[in-house]
S.K.: 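Here's a structure for you.
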Amino acid sequence: MMTLLDVLARHADPVPLKQLAAETGLHPSTAHRILGAMTSSGFVERNDSGVYRLGIRLLELGSLVKSRISLRDTAMPAMLKLHATTGESVNLGIRAGDEIVYVERTSSGRSSVRVVHIVGARAPLHTTATGKLFLVEDGAQKVREYARRTGLPGTTGTSITTLQALEKELDKVRRHGVAYDLDEVENGVRCIAAGIRDDSGELIAGLSLSTPSERFDPDWAPLIHQTADEISRDLGYIPPR
């Protein structure tokens with residue numbers, strides 16, 4: 001049954017029995033029997049031409065699953081695993097207008113260096129690693145509008161404060177799939193972030209690792225990206241082929 005569902009999900013158009021049997025490796029009579037049970041339950045629909053497609057029951061169940069998924073609850077196991085591996089603080093941030101709001105965090109306890117990424121803390125999009133992910137998603141025109149609207153205020157000497165510098169930075173984020181905050185929100189604190197997407201493919205959050213500057217290791221980037229991808233998959237995101 002699951003194999004048949006997977007094959008049907010790969011096809012935008014209805015699929016005939018013969019093709020379903022060939023792609024699943026099932027005998028046609030076996031596939032027909034299973035599809036009959038799935039059709040009666042609403043998981044599959046069969047039209048008058050004898051071809052099959054996914055049924056409305058899956059949409060109903062999917063809506064129930066989506067309504068019961070909590071971003072924070074889903075992300076926390078992966079955040080704790082990343083924290084255990086690196087020993088550094090792991091943050092979960094979401095967008096609220098022109099700012100990033102941190103909704104969850106694991107604390108490192110390894111340093112007296114203050115990290116501003118506490119739960120409920122806010123910071124501008126252009127100075128935070130997670131915020132840069134959302135600006136990339138906005139596109140060039142909205143980035144220019146953001147720059148005009150906010151004036152790109154800085155909080156440290158390394159904060160990005162010009163549109164030209166921001167566009168150059170966002171191009172790096174776009175190419176590498178991760179974003180950095182190098183002492184831009186607070187002196188002595190650096191971050192790496194990767195995006196988290198929901199089942200529709202929308203960027204809904206950023207996962208970031210924050211460390212004192214002296215312990216910053218850019219080689220953590222692939223691990224952060226991998227962890228964010230894991231959370232996205234748990235939320236139902238399927239990367240494009």
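Side-chain atoms are counted along with the backbone in the values below, which use heavy atoms only and exclude waters and symmetry mates.
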S.K.: Which pair of non-hydrogen atoms, one from Ala179 and one from Ala129, has the smallest distance, and what is that distance?
M.R.: CB-O, 3.1 Å
S.K.: Regarding Ser210 and Asn91, do their side chains bring together a donor and an acceptor under 3.5 Å, going by distance alone?
M.R.: yes
S.K.: What distance do Arg233 atom CZ and Asp199 atom CG have between them, rounded to the nearest 0.5 Å?
M.R.: 15.0 Å
S.K.: In the structure I gave you, are the side-chain heavy atoms of Leu182 and Phe216 within less than 4.5 Å of one another anywhere?
M.R.: yes
S.K.: State the OG1-CZ distance between Thr128 and Phe134, to the nearest 0.5 angstrom.
M.R.: 9.5 Å
S.K.: So, Arg190 and Glu184, do they make that salt bridge, N to O below 4.0 Å?
M.R.: no
S.K.: Taking the side chain as C-beta and beyond, is there a heavy-atom pair between Ser89 and Arg105 under 4.5 Å?
M.R.: yes
S.K.: Hey, does the side chain of Ser40 reach the backbone of Ala37 with a donor-acceptor pair shorter than 3.5 angstrom?
M.R.: yes
S.K.: Between Val51 and Leu58, is there a shared hydrophobic cluster once you connect ILVMFWY residues whose side-chain heavy atoms come closer than 4.5 Å?
M.R.: no
S.K.: Is there a side-chain contact between His126 and Pro153, using heavy atoms and a 4.5 Å cut-off?
M.R.: yes
S.K.: Starting from the C-alpha separation in whole Å, work towards a yes-or-no answer on side-chain contact (heavy atoms from CB on, under 4.5 Å) for Val173 and Tyr180.
M.R.: CA-CA 8 Å; Val173 176; Tyr180 297 88; over 6 Å; no
S.K.: How about Thr130 and Arg95: do any of their side-chain heavy atoms sit closer than 4.5 Å?
M.R.: no
S.K.: Hey, what do you get for CZ (Arg33) to CG (Leu35), rounding to the nearest 0.5 Å?
M.R.: 10.5 Å
S.K.: Flag yes if Leu26 and Met2 sit in one hydrophobic cluster, no otherwise; membership is Ile, Leu, Val, Met, Phe, Trp, Tyr, and two members link when side-chain heavy atoms are under 4.5 Å apart.
M.R.: yes
S.K.: Taking C-beta and beyond as the side chain, do Thr106 and Met76 meet within less than 4.5 Å on heavy atoms?
M.R.: yes
S.K.: Please list all pairs meeting side chain to side chain donor-acceptor pair (under 3.5 Å) that have one or both residues in residues 43-58, counting only residues at least two apart or in different chains.
M.R.: Glu45-Arg53, Arg46-Tyr52, Arg57-Glu60
S.K.: Consider only side-chain heavy atoms of I, L, V, M, F, W and Y, link residues closer than 4.5 Å, and tell whether Leu59 and Leu54 are in one cluster.
M.R.: no
S.K.: I need the Leu209 CG to Thr85 OG1 distance, nearest 0.5 Å.
M.R.: 10.0 Å
S.K.: Closest approach of Ile100 and Gly93, non-hydrogen atoms and distance?
M.R.: CG2-CA, 4.1 Å
S.K.: Indicate yes or no for a side-chain donor-acceptor contact from His176 to the backbone of Val178 under 3.5 Å, with no hydrogens or angles considered.
M.R.: no
S.K.: Under a 4.5 Å cut-off applied to non-hydrogen side-chain atoms, are Glu88 and Ile192 in contact?
M.R.: no
S.K.: Just how far is it from atom CG of Leu223 to atom NZ of Lys81, taken to the nearest 0.5 Å?
M.R.: 8.5 Å
S.K.: side-chain contact (heavy atoms from CB on, under 4.5 Å) for Leu71 and Ile94? Distances and angles first, verdict last.
M.R.: CA-CA 10 Å; Leu71 170 63; Ile94 63 173; 4.0 Å; yes
S.K.: Going through the distances and angles, do Leu235 and Ile196 end up as a side-chain contact (heavy atoms from CB on, under 4.5 Å)?
M.R.: CA-CA 9 Å; Leu235 290 171; Ile196 296 172; 3.6 Å; yes
S.K.: Report yes or no: does Thr156 contribute a side-chain atom to a donor-acceptor pair with the main-chain N or O of Asp183 at less than 3.5 Å?
M.R.: yes
S.K.: Between Gln226 and Glu230, is the side-chain hydrogen bond (donor to acceptor under 3.5 Å, both in side chains) condition met? List the steps.
M.R.: CA-CA 6 Å; Gln226 177 184 334; Glu230 177 184 336; 5.6 Å; no
S.K.: Can you tell me if Ile238 has over 12 outside heavy atoms packed within less than 6.0 Å of its CD1?
M.R.: no
S.K.: Enumerate, atom names and distances included, each donor-acceptor pair closer than 3.5 Å involving a side-chain atom of residues 160-171, sequence neighbours excluded.
M.R.:
unit_1 : atom_1 : unit_2 : atom_2 : d
Thr162 : OG1    : Ala165 : N      : 3.2
Glu169 : OE2    : Lys132 : NZ     : 3.3
Asp171 : OD2    : Arg175 : NE     : 3.1

S.K.: Rounded at 0.5 Å granularity, tell me how far CZ in Arg215 sits from CG in Asp217.
M.R.: 11.5 Å
S.K.: Is the shortest side-chain heavy-atom distance between Leu125 and Tyr146 below 4.5 Å?
M.R.: yes
S.K.: Determine whether a donor-acceptor pair (N or O, by modelled atom type, separation under 3.5 Å) exists between the side chain of Ser232 and the backbone of Tyr237.
M.R.: no
S.K.: Using the rule given for salt bridge (Lys or Arg N to Asp or Glu O under 4.0 Å), can you reason through Lys142 versus Glu137, listing the C-alpha separation, both sets of side-chain angles and the distance that settles it, and then say yes or no?
M.R.: CA-CA 9 Å; Lys142 288 188 177 181; Glu137 202 79 358; over 6 Å; no
S.K.: Kindly give the heavy-atom pair with the smallest separation between His27 and Ala21, and that separation in Å.
M.R.: C-CB, 4.5 Å
S.K.: Could you please spell out the steps behind the side-chain contact (heavy atoms from CB on, under 4.5 Å) verdict for Leu92 and Tyr102?
M.R.: CA-CA 6 Å; Leu92 184 67; Tyr102 295 94; over 6 Å; no
S.K.: If we ignore angles and hydrogens, is there a donor and acceptor under 3.5 Å between the side chains of Thr127 and Asp181?
M.R.: no
S.K.: Would Glu23 and His11 count as having a side-chain donor-acceptor pair, cut-off 3.5 Å?
M.R.: yes
S.K.: Looking at every heavy atom in both Leu203 and Gly195, which two are closest together, and how far apart are they?
M.R.: CD1-CA, 3.6 Å
